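Report on one structure; see the data block that follows.
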Amino acid sequence: MRRLGVNISEKYNLGVLDLVPRLNGATAEQALQQSVTLAQHAEDWGYSRYWTSEHHDMDELASASPEVLLAHIGARTNTIQLGSGAVLLPHYSPLKVAESFRLLAALYPGRIELGLGRAPGGGPHATMALSGNYLQHVSKLPESLAALTELLEDRYTYEEHPVTARPIPELPLSLWMLGTNVKSAEFAARFGMGYVFGQFMSDADGTEAVRRYREGFIPSANRKEPEVMVAVSVLCAETQEEALSWSLEMVERRRAVGKEITTQSDNISTSTSTNERDDANENEVQRHYAGTPAQVWNQLQQVCQRLDTDRLLVVTTGPDYERRLASYKLLANA
């Protein structure tokens with residue numbers, strides 16, 4: 001059942017961004033089942049979307065193919081939006097991406113969101129094994145984005161011959177661009193996409209990128225107005241001490257295994273009022289918000305106000321599956 005009453009969270013459009021982490025020695029099978037569980041609970045708790053990422057040859061993540069996992073989760077949920085955060089377009093043919101996500105959109109009408117990214121998503125050898133010369137591919141991203149949008153609007157031609165991405169769903173999917181800088185924002189604006197600013201992996205506060213996006217936005221067939229989401233790393237607990245302890249536990253665990261998952265900086269800070277933070281630089285960008293739900297929401301509201309959006313995509317990677325679920329529940333019920 002969805003939560004009752006008026007909460008802070010009900011003023012915002014909350015979503016989940018799941019990196020499908022393999023926590024505490026979990027197998028890939030266990031990590032994927034936990035993703036299903038998370039999506040189901042998120043739907044019950046009132047989250048509007050579940051997105052999953054794409055990474056390659058990363059031992060701690062089980063998220064190489066967003067479209068496959070989304071098909072599985074779609075069959076086990078009812079209403080929650082399903083999206084990729086993100087499909088790394090430089091690796092792929094725009095036609096194949098359009099076909100895959102149109103198939104999802106036909107399976108789950110009105111629920112599919114295609115989020116695109118331009119990062120490699122893995123180390124250099126995995127990147128080369130996946131698609132060859134990545135730098136060459138990423139340099140052609142404008143052409144790939146143009147082809148993809150034409151395919152999704154049924155106006156693409158190859159050698160002057162029409163090519164259609166089939167099946168054609170009755171309800172079109174939603175197209176978004178994820179990024180951490182002005183370049184991704186400009187691509188989103190140019191092709192009439194929604195824009196997701198990745199606060200959790202950026203050294204910038206997003207103000208300039210979002211401004212460029214809104215000022216440069218060109219309406220497209222499926223989006224007439226600019227739309228902004230911000231992706232944030234969060235860990236909520238009943239007490240501030242627990243949230244900070246758990247966040248530091250996650251950092252130490254990554255250091256111990258020599259892995260680095262880009263979800264929190266190692267400089268963990270709690271979500272407290274400004275005068276409680278120890279000599280904090282007021283211009284420092286905070287990548288990770290840890291604290292009680294009230295403390296975290298105080299910070300998230302400031303982020304939303306700064307970027308003029310009510311859409312949040314929340315990343316919580318641990319420290320274990322039980323506490324990850326608890327964090328998402330606490331945030332939604334605040």
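Note that the structure is predicted; figures quoted are calculated from it, not measured. For the single chain, residues carry numbers from 1 onward in sequence order.
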Ignoring hydrogens and geometry, is there a side-chain-to-backbone donor-acceptor pair from [X] to [Y] under 3.5 Å?
X	Y	result
Ser202	Gly198	no
Thr309	Val228	yes
Ser100	Lys96	yes
Ser220	Gly192	yes
Arg76	Gln40	no
Ser63	Leu19	yes
Thr292	Thr239	no
Tyr50	Gly74	no
Trp297	Ser9	no
Glu43	Thr79	yes

Under 4.5 Å between any side-chain heavy atoms of [X] and [Y], yes or no?
X	Y	result
Cys304	Asp310	no
Leu69	Val20	yes
Tyr47	Leu14	yes
Leu95	Val163	yes
Met193	Leu145	yes
Leu248	Leu244	yes
Glu242	Arg323	no
Phe187	Pro142	yes

[X] side chain to [Y] side chain, donor-acceptor N/O pair below 3.5 angstrom:
X	Y	value
Ser35	Asp18	yes
Ser247	His288	yes
Arg111	Thr77	yes

Before you tell me yes or no, could you show the steps for Glu99 and Arg166 under salt bridge (charged side-chain N to carboxylate O under 4.0 Å, His left out), namely the whole-Å CA-CA distance, both residues' side-chain angles and the distance that decides it to 0.1 Å? CA-CA 6 Å; Glu99 288 175 334; Arg166 302 181 188 277; over 6 Å; no
For the [atom1] atom of [X] and the [atom2] atom of [Y], what is their distance to the nearest 0.5 Å?
X	Y	atom1	atom2	value
Asp320	Gln34	CG	CD	9.5 Å
Leu135	Lys140	CG	NZ	12.5 Å
Asn222	Thr149	CG	OG1	10.0 Å
Arg155	Thr164	CZ	OG1	13.0 Å
Leu235	Thr317	CG	OG1	8.0 Å
Leu173	Glu113	CG	CD	9.5 Å

hydrophobic_cluster_shared for [Y] and [X], side chain cutoff 4.5 Å:
X	Y	answer
Tyr321	Leu38	no
Val36	Leu23	no
Val315	Met201	yes
Leu104	Ile80	yes
Leu103	Leu151	no

Could you report the tightest heavy-atom contact between [X] and [Y], atom names first, then the distance?
X	Y	result
Arg102	Ala165	NH1-O, 2.7 Å
Gly117	Pro90	O-CD, 3.5 Å
Leu152	Ala98	CD2-CB, 4.0 Å
Ser84	Pro66	CB-CB, 3.9 Å
Val234	Ser327	O-OG, 4.1 Å
Asp205	Arg306	O-NH2, 3.0 Å

For the residue pair Tyr195 and Tyr213, categorise the inter-ring angle as parallel (less than 30°), tilted (30 to 60°) or perpendicular (more than 60°). tilted
Could you check whether the rings of His41 and Trp45 sit parallel, tilted or perpendicular, using 30° and 60° as the cut-offs? parallel
Decide yes or no on side-chain contact (heavy atoms from CB on, under 4.5 Å) for Gln302 and Gln299, but give the supporting numbers first. CA-CA 5 Å; Gln302 293 179 40; Gln299 296 295 312; 3.9 Å; yes
Whether over 12 other heavy atoms sit under 6.0 Å from [X] [atom1]:
X	atom1	answer
Glu238	CD	no
Glu322	CD	no
Asn24	CG	yes
Gln305	CD	no

Using the side-chain contact (heavy atoms from CB on, under 4.5 Å) rule, take Thr316 and Leu17 through it: C-alpha gap first, then chi angles, then the decisive distance, then the call. CA-CA 8 Å; Thr316 301; Leu17 176 55; over 6 Å; no
Would Arg223 count as a cation-pi partner of Trp176, with NZ or CZ less than 6.0 Å from the six-membered ring centre and within 45° of the ring normal? yes
Intermediate values then yes/no, side-chain contact (heavy atoms from CB on, under 4.5 Å), Arg214 and Asp308: CA-CA 11 Å; Arg214 286 197 170 105; Asp308 190 22; 3.8 Å; yes
Residue pair Val314, Tyr328: steps toward the side-chain contact (heavy atoms from CB on, under 4.5 Å) verdict: CA-CA 8 Å; Val314 179; Tyr328 277 111; 3.7 Å; yes
From CA spacing to verdict: salt bridge (charged side-chain N to carboxylate O under 4.0 Å, His left out), Arg212, Glu208: CA-CA 6 Å; Arg212 294 275 195 98; Glu208 179 63 15; 2.9 Å; yes
Less than 4.0 Å between a side-chain N and a carboxylate O, is that true for Glu186 and Arg190? no
Which of these, Leu116, Val230, Leu178, Thr180, sits in a side-chain contact (heavy atoms from CB on, under 4.5 Å) with Val196? Leu178
